[in-house]
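In what follows, a structure is listed as structure tokens, so that the remarks can point back to it.
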Amino acid sequence: MKVLLLLLLAAAAYGQVPEPCRAPSVFESNIGMQWIGHSLTKTDAVQSKIWQDSTRGSYVRAKLSYDRYNMRIRRIEEVDERMEKEFFDVLYLLNTMPGKEYRFNLRTKQCVTRELNYAFRPIEIPPNATHMGDFTIGTKGAPHEGVEVSLWGDRNREEGAEWVGSFTSTGCVPVSDMFYSNRTGRVTTEFFDVTLGIADANVFIPPRECMGPPPPPPPP
């Protein structure tokens, strides 16, 4: 009888372990991103304008379009870089290997393309992630004035990667995402005004300026 009771208690405790929820596969959002300790080469740094050293990060405000099924991401970026701002239209296509990045500078009208030799990282809870707790954004003092959120974490020691993310308890909508690896440094993303689906399917077509011969450089 005691053994049966212990087994029932163990089963009840096991059943209380939260399971990762399923995040939306296609959505659009306003985001804020910050890089710290990015590991771009000097050449990439000049081309992309998002390099920073280990003591200072770059902050990006952007409109994000995200397609998990086809491994595509589009960002219209406003980059705070030192005392000036840069504006980019960036498309990542990672449904092939190598992938492709199109980075169009909206100010200079210059386009840079490059191959991407890393896998698509979905905005979702990894299957082996650890539940780190639940909390409320806002207040619990009145109905509908707070949002319940779950916090999750994951670590890949072989790749030297760490991840922490938060998602709403209802709908599993992403709220924040912090990812660290030797390749990226620490990248923190916050999500605002998330809408499900993609308003314009053409958003994942590369800018036409990136498909032909590069335009002449601007005059000095």
Side-chain angles (χ1 to χ4, degrees), residues 18-35 38 48 50 60-78 88-104 113-132 134 137 147-156 158-207 210:
E19 298 257 340
C21 59
R22 190 168 189 174
S25 296
V26 181
F27 67 86
E28 293 183 311
S29 173
N30 293 320
I31 62 172
M33 302 181 67
Q34 186 174 34
W35 282 268
H38 202 281
S48 68
I50 61 171
V60 177
R61 286 173 289 273
K63 172 65 181 293
L64 169 73
S65 299
Y66 169 82
D67 179 3
R68 168 71 172 85
Y69 297 118
N70 297 296
M71 302 182 186
R72 305 180 294 185
I73 292 176
R74 186 75 172 260
R75 292 201 305 257
I76 306 299
E77 299 180 344
E78 177 185 324
F88 296 96
D89 181 352
V90 189
L91 175 64
Y92 300 95
L93 301 177
L94 288 158
N95 53 354
T96 61
M97 185 57 73
K100 198 78 175 274
E101 174 187 347
Y102 300 87
R103 180 172 291 271
F104 179 59
T113 63
R114 64 171 181 159
E115 291 186 348
L116 303 175
N117 294 307
Y118 56 85
F120 178 80
R121 188 177 73 84
I123 303 171
E124 63 187 25
I125 303 172
N128 295 323
T130 300
H131 181 248
M132 302 172 67
D134 301 305
I137 297 176
V147 177
E148 298 297 320
V149 171
S150 292
L151 186 67
W152 297 81
D154 191 30
R155 175 178 293 177
N156 187 323
E158 293 182 0
E159 298 181 4
E162 297 182 4
W163 171 85
V164 175
S166 60
F167 296 77
T168 60
S169 298
T170 301
C172 202
V173 177
V175 176
S176 65
D177 180 288
M178 191 287 292
F179 179 75
Y180 173 85
S181 72
N182 295 330
R183 178 182 63 82
T184 63
R186 190 180 75 194
V187 184
T188 302
T189 306
E190 295 176 321
F191 300 85
F192 312 93
D193 307 320
V194 176
T195 57
L196 302 184
I198 301 295
D200 180 5
N202 293 326
V203 73
F204 296 113
I205 297 176
C210 298

Would you be so kind as to tabulate the donor-acceptor pairs closer than 3.5 Å made by side chains of residues 187-197, with sequence neighbours excluded?
| from | atom 1 | to | atom 2 | distance (Å) |
| --- | --- | --- | --- | --- |
| Asp193 | OD2 | Asn30 | ND2 | 3.2 |

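Ion pairing between Asp200 and Arg74 fails under the 4.0 Å rule for side-chain N and carboxylate O.
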Check the pair Val60 / Phe88 against side chain to side chain contact (heavy atoms under 4.5 Å, CB included), numbers first and verdict last. CA-CA 10 Å; Val60 177; Phe88 296 96; over 6 Å; no
Could you walk me through whether Glu101 and Val90 pass side chain to side chain contact (heavy atoms under 4.5 Å, CB included), step by step? CA-CA 7 Å; Glu101 174 187 347; Val90 189; 4.0 Å; yes
Please step through side chain to side chain contact (heavy atoms under 4.5 Å, CB included) for the pair Phe120 and Arg68, ending with a clear verdict. CA-CA 9 Å; Phe120 178 80; Arg68 168 71 172 85; 3.8 Å; yes
Go through it in stages, so that I can follow the logic: the residues are Phe27 and Leu64, the test is side chain to side chain contact (heavy atoms under 4.5 Å, CB included), and I'd like the CA-CA distance, side-chain angles, deciding distance and then a yes or no. CA-CA 8 Å; Phe27 67 86; Leu64 169 73; 3.9 Å; yes
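Residue Tyr92 comes nearest to Arg103 through the heavy atom pair OH-NH2, 3.2 Å, listed as atom of the first residue, atom of the second, then distance. Taking both residues in full, the closest heavy atoms of Trp152 and Pro18 are given as CH2-O, 3.6 Å, listed atom of the first, atom of the second, then distance. Shown here for Tyr66 and Pro24, the closest heavy-atom pair between the two residues is CE2-O, 3.9 Å. Residues Tyr118 and Met97 come closest through the heavy atom pair O-CE, 3.7 Å. Across all their heavy atoms, Trp163 and Ala129 have their closest contact at CZ3-CB, 4.2 Å. Taking each heavy atom of Cys210 and Phe104 in turn, the nearest pair found is SG-CB, 4.1 Å.
For Arg61, the salt bridge (charged side-chain N to carboxylate O under 4.0 Å, His left out) test picks out Glu78, Asp80, with sequence neighbours left out. Every residue meeting the salt bridge (charged side-chain N to carboxylate O under 4.0 Å, His left out) condition with Asp67, not counting sequence neighbours, appears here in chain and number order: Arg72.
The line from CD1 of Ile125 to CZ of Phe167 is 5.0 Å long, rounded to the nearest 0.5 Å. Taken to the nearest 0.5 Å, the OG atom of Ser29 stands 8.5 Å off from the NZ atom of Lys63. Rounding to the nearest 0.5 Å gives a distance of 10.5 Å between CD1 of Ile198 and CG of Asn70. Taken to the nearest 0.5 Å, the CE atom of Met178 stands 10.0 Å off from the OH atom of Tyr180. Note that CG of Asn95 is 7.5 Å distant from CE of Met71, once rounded to the nearest 0.5 Å. Between the CG atom in Asn128 and the CG atom in Asn156 there is a gap of 10.0 Å [rounded to 0.5 Å].
In this structure a side-chain-to-backbone donor-acceptor pair under 3.5 Å is present from Thr168 to Val173. At distances below 3.5 Å, at least one donor-acceptor pair connects side-chain atoms of Glu28 with backbone N or O atoms of Ala199.
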